[in-house]
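Could you have a look at this structure, given as structure tokens, before my questions?
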2 protein chains.
Amino acid sequence: MNEPKPIESKPRTRRPSVAKTTQTRQAIVAAALDVFLERGFSDARMEDVAARAGVAKGTVYRYFTDKEALFEGVLREVIAVPLAHLTLMSPEPGVRLRDAIWSVVLPIVRDMERSKRAPVFRLILAESSRFPALAIMFRELVFDPIAEIIRRLAQRGVETGELTTDALVRFPHLMIAPNMLAVLWNGVFDPEHPLDMEAMFAAHLDIMFGKDESGCGPPAPQS
Amino acid sequence: MNEPKPIESKPRTRRPSVAKTTQTRQAIVAAALDVFLERGFSDARMEDVAARAGVAKGTVYRYFTDKEALFEGVLREVIAVPLAHLTLMSPEPGVRLRDAIWSVVLPIVRDMERSKRAPVFRLILAESSRFPALAIMFRELVFDPIAEIIRRLAQRGVETGELTTDALVRFPHLMIAPNMLAVLWNGVFDPEHPLDMEAMFAAHLDIMFGKDESGCGPPAPQS
DNA sequence: AATTATTATGACCCATGGGTCATTTTATTG
DNA sequence: CAATAAAATGACCCATGGGTCATAATAATT
């Protein structure tokens, strides 16, 4: 039963605990995101983060070395997660260009309105001078993939003659711009009279491809 | 020579000094703008502002009651000044819609690149949660006038048949969006590979109105 | 239950920087 | 030049909040 105790110095045992800590970490991350979104980096207080996570201040420092690490860590997690399902979307042949673009961009628009992505985007923008790497990461993981899809679609559009210019191939960003504007408009410049992002995007397509006749636009644009 | 001194209590004299103080004030405003642009509101130090203005810290407080007043005051001045020459621009009949838009928006694009307006815009964006009034002021004084001009032009375009939709009438913002994106792109998301704002705007018009055939586009879009 | 490594705690330390004000400097007037 | 009011100064005060660490609570192992 009892094996010979090796003379004493056996370091007894070591237990790396388990799920509890990751649970705590998640609470901290979630709390930190909320606090940073509300106050921005400089005005966010570590005590507030701890309080909202239901832990003491010192605990936060067991998971993140300092405030900057907390900010970067939290936002990296938020940025990295999403949009994965979109990146692989490839242009299905046979679909009209307008419809293809619509079906690619619409989910992004919809999700933008009902998630934290818009506020996160504005936060990254606000703190970009202190955390330039985050802004670049956001571009690489969010903007660039979308732009690349648009570019491919545009390229096909040029080949099929649906587009008379390669302008959209050279500047796929043009397809993203209206949404970017709407996010800032609704969150910053005129929250009282928010733009209907979906309607605006449909309008954009109307201008580019002519008034839509099929059934893929919104049911009936608002007043 | 000497008139009878009125028994003493004559308040002697009072001199509201003159140009020197406004000069000092201007130095403070200019310094503050630079510091705020570099560090943002929270990280800007009043001592830095004073130092860069060539005055002592206490002096700043003779012109602005506190840090927030300084920030608001400085940015109000910056926002309020410009664009006056654009607001009155009215659509000249007989010009093609595309050319009219081009000639309205191009000066804005050009000035954006060589002035502090782009960084100021980004600063206002960054501090918009602490100073929402500034963002709204910026919209009212900068965005709204431009949007109104676009709307008028678009309205005329609908009437002359140059536009087949009223989409641009309903969302004149669509014309501003590409520039907004470019400002953020070049300042935040990819300063290493800045977008050519002028070329991108031309591309946008190409998409909306078809490839330009006249001579109003840029000489030759870059590679 | 006893042991001990791991995790959590929150009182505490202290650098930072906003804001003050008694004093000094400047400049205007008689 | 003397008098004095306005402007400028910078040493100082002190609230704030990031970060630390001795101690306590927790839970895995025997």
Side-chain angles (χ1 to χ4, degrees), chain A residues 1-28 31-32 35-36 38-74 130, chain B residues 1-28 31-32 35-36 38-74 130:
Chain A
M1 280 295 183
N2 44 16
E3 50 202 353
K5 291 162 187 170
I7 310 166
E8 277 244 315
S9 65
K10 175 189 174 186
R12 206 64 170 179
T13 51
R14 295 174 180 167
R15 296 126 303 175
S17 83
V18 266
K20 189 63 177 298
T21 66
T22 67
Q23 189 178 342
T24 303
R25 187 196 169 88
Q26 284 177 340
I28 291 173
V35 174
F36 283 133
E38 282 176 16
R39 315 278 252 254
F41 178 79
S42 286
D43 294 343
R45 285 175 301 171
M46 296 297 272
E47 283 192 42
D48 290 347
V49 173
R52 193 176 303 210
V55 299
K57 187 164 64 156
T59 304
V60 178
Y61 286 89
R62 292 188 47 73
Y63 292 86
F64 299 91
T65 60
D66 59 13
K67 200 184 182 188
E68 294 204 343
L70 178 62
F71 188 85
E72 282 219 32
V74 168
R130 194 195 288 259
Chain B
M1 281 294 182
N2 43 17
E3 50 200 352
K5 290 163 188 169
I7 307 164
E8 281 248 312
S9 67
K10 176 190 175 187
R12 206 60 172 178
T13 50
R14 295 174 181 169
R15 295 127 302 175
S17 86
V18 265
K20 189 62 176 299
T21 65
T22 67
Q23 190 178 341
T24 303
R25 186 196 169 87
Q26 284 177 340
I28 291 173
V35 175
F36 283 133
E38 283 177 14
R39 314 277 251 255
F41 177 79
S42 286
D43 293 343
R45 286 173 301 171
M46 295 299 271
E47 284 193 42
D48 290 346
V49 173
R52 193 176 302 210
V55 299
K57 187 164 66 158
T59 305
V60 178
Y61 285 91
R62 291 187 46 73
Y63 293 86
F64 298 91
T65 59
D66 59 13
K67 200 184 182 187
E68 294 205 344
L70 178 62
F71 188 85
E72 282 219 32
V74 168
R130 194 195 289 257

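Note on naming: letters A, B, ... go to the chains in the order of the sequence lines (proteins, then strands), and numbering restarts at 1 for each one. In what follows, every heavy atom counts, from backbone to side chain, and hydrogens, waters and symmetry copies are set aside.
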Point to revise | Contact list for DNA chain C against residues 56-69 of chain B - heavy-atom distance below 4.0 Å | key: B:Lys57, B:Tyr61, B:Asp66, B:Lys67
Exercise for review: Using whole Å, report how far CG of A:Asp43 lies from C1' of D:dG18.
Suggested key: 14 Å
Practice item. Could you tell me the separation between the CZ atom of A:Phe71 and the P atom of D:dG17, rounded to a whole number of Å? Key: 18 Å
**Study point:** Straight-line distance of A:Leu70 CG to A:Met46 CE, nearest 0.5 Å
**Key:** 5.0 Å
Revision key, fill the gap. When rounded to whole Å, the CD to P distance for the pair A:Glu47 and D:dA15 reads 16 Å
Check your understanding: Looking for any heavy atom pair under 4.0 Å, which part of the strands does A:Ala51 touch: base, sugar-phosphate only, or nothing?
Key -> nothing
Point to revise | B:Arg62 side chain to B:Thr24 side chain, donor-acceptor N/O pair below 3.5 angstrom | key: no
Point to revise | From CZ (A:Arg52) to CZ (A:Arg45), nearest 0.5 Å | key: 11.0 Å
Review point. B:Met46 has an atom CE; how far is it from atom C1' of D:dC14, in whole Å?
Key: 17 Å
Exercise for review: Establish, with yes or no, whether the OP1 or OP2 oxygen of D:dA7 is under 4.0 angstrom from a side-chain nitrogen or oxygen of B:Thr24.
Suggested key: no
Review point. Between C:dG17 atom P and B:Leu70 atom CG, what is the distance in whole Å?
Key: 16 Å
Check your understanding: Rounded to the nearest 0.5 Å, how far does CD1 of A:Ile28 lie from CD of A:Gln26?
Key -> 11.0 Å
Exercise for review: Only counting residues at least two apart or in another chain, list the ones meeting ring pair (Phe, Tyr, Trp, His ring centres under 6.0 Å) with A:Phe71.
Suggested key: A:Phe36, A:Phe41, A:Phe131
Exercise for review: Decide yes or no for B:Glu38 and B:Asp48: does some side-chain heavy atom of the first lie under 4.5 Å from some side-chain heavy atom of the second?
Suggested key: no
**Study point:** Distance, rounded to the nearest Å, where B:Arg45 contributes CZ and C:dT16 contributes P
**Key:** 9 Å
Exercise for review: Name the nucleic acid region contacted by A:Ala50, choosing base, sugar-phosphate or nothing; use a 4.0 angstrom heavy-atom cut-off, strictly under.
Suggested key: nothing
